[in-house]
Amino acid sequence: MRDLHFPLNQTQRVRLEAALHELQTLAPAAASAASVTVADSIPVNQEDNILKIFGCVCVFRVQRAWCGGSRWGGGGDTVRRRGAGQQACLCADAPARYKPEVGDIIVGRVIEIAPKRWRLEINFTQDAVLMLSSMNLPDGIQRRRTAVDELNMRSIFEENDVVCAEVRGFQHDGSLHLQARSQKYGKLQRGQLLTVPAYLVKRRKQHFHHLEQYDVDLILGCNGFIWVGQHVLVRENTELKEDQHKLSDEVDTFTSIETRKHICRLANAVRVLSALGFILTIELIIQTAEASLSSNVEINAMLGAEFYVQTAEREARRRADLVRKKNGAR
Amino acid sequence: MVGLSEGEKHFIRGGIAQDLRADGRTRLQFRPVIVETGVIPQANGSARVRLGATEVIASVKAELGKPTVLHPDKGKVSIYVDCSPTAAPIFEGRGSEDLSAELSVALQRCLLGGKSGAGAAIDLSSLIVLEGKACWDLYVDGLVVSSDGNLVDALAAAIKVALSDTGIPKVNVSLNAETDGEPEVDVSDEEFLQFDTSSVPVIVTLTKVGKHYIVDATSEEESQMSSALSVSVNRRGQICGLTKRGGTGLDPTIIFDMISVAKHVSQRFISLLDSEIAAAEVVADE
């Protein structure tokens with residue numbers, strides 16, 4: 001994802017710094033430790049065992065790990081800890097590369113059609129492989145793949161197609177094996193693909209989001225590829241042929257202007273949030289898009305300086321309220 | 001550049017037809033422009049222009065040279081563009097030759113006028129030091145650092161700003177009366193002549209996709225173009241140059257329509273650039 005570039009005037013710069021500073025002080029409030037020094041005990045939660053501090057990732061082999069806050073750009077303090085027993089720590093720069101796990105939902109782009117498989121680019125060191133046998137056939141019948149099926153692979157996915165799939169496992173050389181057996185996986189059309197750093201997308205229970213109020217599908221791939229597009233009904237197998245006819249007589253089949261406005265707003269919300277380094281959750285994306293709508297910000301003005309600063313301020317306010325509620329509840 | 005799937009291309013074409021592009025711009029809106037001057041201190045003038053994710057740098061170097069026999073009263077300007085491999089992997093080694101040549105020719109056509117030197121954007125007579133003997137040669141170099149579409153417009157804007165930032169040193173010429181040979185030229189380190197760039201034109205590229213034209217296309221939108229017309233317009237609304245790219249033929253009425261749209265859009269762009277140049281001058285003075 002390319003960073004946003006725009007000129008910030010003096011007041012905007014001041015406001016932005018104030019908001020980012022507030023976020024910085026709020027982030028460790030949840031763990032009640034603003035900075036960590038050697039021999040400190042770091043409170044942790046169950047979610048994953050990574051600790052992020054100012055752009056560095058510390059991996060602890062402990063039972064609980066704390067994760068939170070945003071990344072403020074490269075460099076920063078590194079904390080090295082060597083404790084007794086099972087605590088071990090490595091520090092490295094927060095990677096933009098994806099760290100895959102089995103069961104992740106990812107979005108990828110087909111770069112090559114090889115014998116009996118497709119190779120997908122997924123923002124990882126190696127290309128992922130989607131076997132023909134891991135893909136539902138157009139006619140829906142479960143059967144052995146024949147040579148004819150192999151010759152017709154192009155009718156399922158072509159080069160440069162955007163595909164949504166699930167990680168099935170790792171191959172012996174470290175590359176990923178994907179599967180797309182369910183109806184909700186498969187080719188993605190009628191929308192746009194956005195790229196954000198992979199660590200901004202956390203693993204949650206749900207990655208497919210059908211936003212009914214907008215008629216938009218939003219898929220947060222764990223590898224940092226985000227798909228925002230027109231909603232497609234869970235595909236019937238026969239639709240594949242209809243699509244090809246539809247795409248040829250175009251003007252009637254363009255996405256409606258209302259849906260397109262929502263798609264563009266959500267896409268711009270994702271761009272602004274990723275430029276700010278905030279973790280992308282569906283609630284945050286929707287909130288940002290709705291805030292832009294309610295404050296009458298034009299869609300392309302969402303990528304401008306004013307909305308960028310306002311989003312940072314809004315997030316600082318939201319986290320401050322959250323902390324206040326937590327403290328109040330105690 | 002990453003490839004696009006059929007569905008994404010369809011989405012882009014639909015957006016252009018409905019006047020709502022992928023980032024929310026209308027067809028005739030530019031991306032935010034960021035201008036910096038003086039990025040190369042060793043050059044006489046330099047500028048960096050960012051148009052969204054497209055980033056280009058232009059530098060102007062002035063050297064003393066001899067005017068040509070055909071035009072003893074005019075200086076010389078040469079424009080050359082290079083594409084850095086950081087912009088795209090294909091620009092490594094000789095991969096960027098075609099694109100660089102195309103960009104250089106487009107800019108030369110718009111800024112340097114005809115073969116006789118007529119109609120040039122820069123007043124070449126102002127570059128003369130001693131008629132027939134010494135003149136300033138301006139070497140304008142453009143570098144494409146990052147490419148996301150619309151390189152011609154960004155380069156032309158960068159050259160305009162770089163020229164406004166250019167200072168030509170004042171020279172004192174002492175003629176050696178004995179030999180009719182080389183005069184002694186004393187280049188001053190202190191005083192500089194600034195260029196008047198109010199008559200330097202900008203280039204607006206209109207990319208035709210389907211039935212509509214868009215301004216400031218990203219590289220994804222350019223992949224869908226049928227043809228593109230780059231129109232160079234100066235502040236008075238006069239056309240200084242015209243370049244058409246793309247293999248699809250265009251009806252003459254469409255060309256006239258595109259030219260009038262480009263004129264209309266360019267006035268906004270020129271006033272934007274002029275205000276950026278003025279702001280940069282204020283910063284430089286501080």
Side-chain angles (χ1 to χ4, degrees), chain A residues 1-9 109-111 121 157-163 187-195 227-230 232 243-244 246-248 250-269 271 292 297-305, chain B residues 1-36 48-55 86-87 145-149 154 209-212 215-216 218-221 223-224 272 275-276 279-280 283:
Chain A
M1 169 113 234
R2 286 173 169 140
D3 284 329
L4 299 182
H5 293 285
F6 36 68
L8 283 172
N9 65 31
R109 199 185 279 279
V110 175
I111 48 171
E121 194 242 316
F157 294 140
E158 278 191 312
E159 277 95 350
N160 289 326
D161 272 346
V162 180
V163 174
K187 182 147 66 171
L188 298 171
Q189 294 173 311
R190 311 289 171 85
Q192 37 178 325
L193 185 70
L194 306 164
T195 315
W227 173 262
V228 189
Q230 193 182 356
V232 201
D243 264 326
Q244 278 155 3
K246 276 191 187 162
L247 284 178
S248 57
E250 268 192 1
V251 185
D252 317 323
T253 60
F254 284 148
T255 320
S256 79
I257 184 82
E258 279 312 313
T259 317
R260 189 177 290 276
K261 281 190 190 159
H262 292 303
I263 294 180
C264 290
R265 247 183 228 282
L266 290 164
N268 279 354
R271 288 184 180 113
S292 79
V297 176
E298 286 205 14
I299 304 184
N300 80 310
M302 284 172 78
L303 296 178
Chain B
M1 208 209 66
V2 186
L4 288 175
S5 70
E6 274 311 310
E8 287 170 291
K9 290 182 187 169
H10 181 82
F11 189 75
I12 291 176
R13 287 195 293 264
I16 292 171
Q18 292 170 342
D19 205 18
L20 182 64
R21 290 147 81 175
D23 53 0
R25 284 185 289 156
T26 61
R27 287 195 281 262
L28 299 180
Q29 265 180 324
F30 272 91
R31 286 171 283 187
V33 186
I34 306 182
V35 168
E36 283 166 63
R48 184 209 322 254
V49 166
R50 262 192 268 248
L51 251 178
T54 299
E55 188 177 335
T86 57
V145 174
S146 165
S147 162
D148 190 24
V209 177
K211 279 191 269 187
H212 304 273
V215 153
D216 194 16
T218 62
S219 51
E220 288 177 347
E221 292 166 338
S223 71
Q224 293 305 295
L272 177 66
S275 62
E276 292 284 339
V283 170

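Naming convention: chains lettered A, B, ... in sequence-line order (proteins, then strands); numbering from 1 in each chain. All figures in this text were calculated on a predicted structure; none of them were measured in a lab.
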If I compare all heavy atoms of [X] with all of [Y], which pair ends up nearest, and what's the gap?
X        : Y        : result
B:Gly3   : A:Asn160 : CA-OD1, 3.4 Å
A:Phe254 : B:Ala17  : CE1-CB, 3.8 Å
A:Asn268 : B:Ala22  : OD1-O, 4.5 Å
A:Arg271 : B:Asp23  : NH1-CA, 3.9 Å
A:Ile299 : B:Gly24  : CG2-CA, 3.6 Å

Using non-hydrogen atoms only, which part of A:Arg109 is less than 4.5 Å away from chain B: side chain, backbone, both, or neither? side chain
Please flag which part of A:Ile263 lies under 4.5 Å from any non-hydrogen atom of chain B: side chain, backbone, both or neither. side chain
To the nearest 0.5 Å, how far apart are CG in A:Asn300 and OG1 in B:Thr26? 7.0 Å
Is chain A contacted by the side chain of B:Arg31, its backbone, both, or neither, given a heavy-atom distance below 4.5 Å? neither
So which residue, A:Glu158, A:Glu159, A:Gln192, ends up with the most heavy-atom pairs under 4.5 Å with chain B? A:Gln192
Does A:Gln189 reach the side chain of B:Phe11, with side-chain heavy atoms less than 4.5 Å apart? no
Looking only at B:Arg25, B:Arg21, B:Gln18, most heavy-atom pairs under 4.5 Å shared with chain A are made by B:Gln18
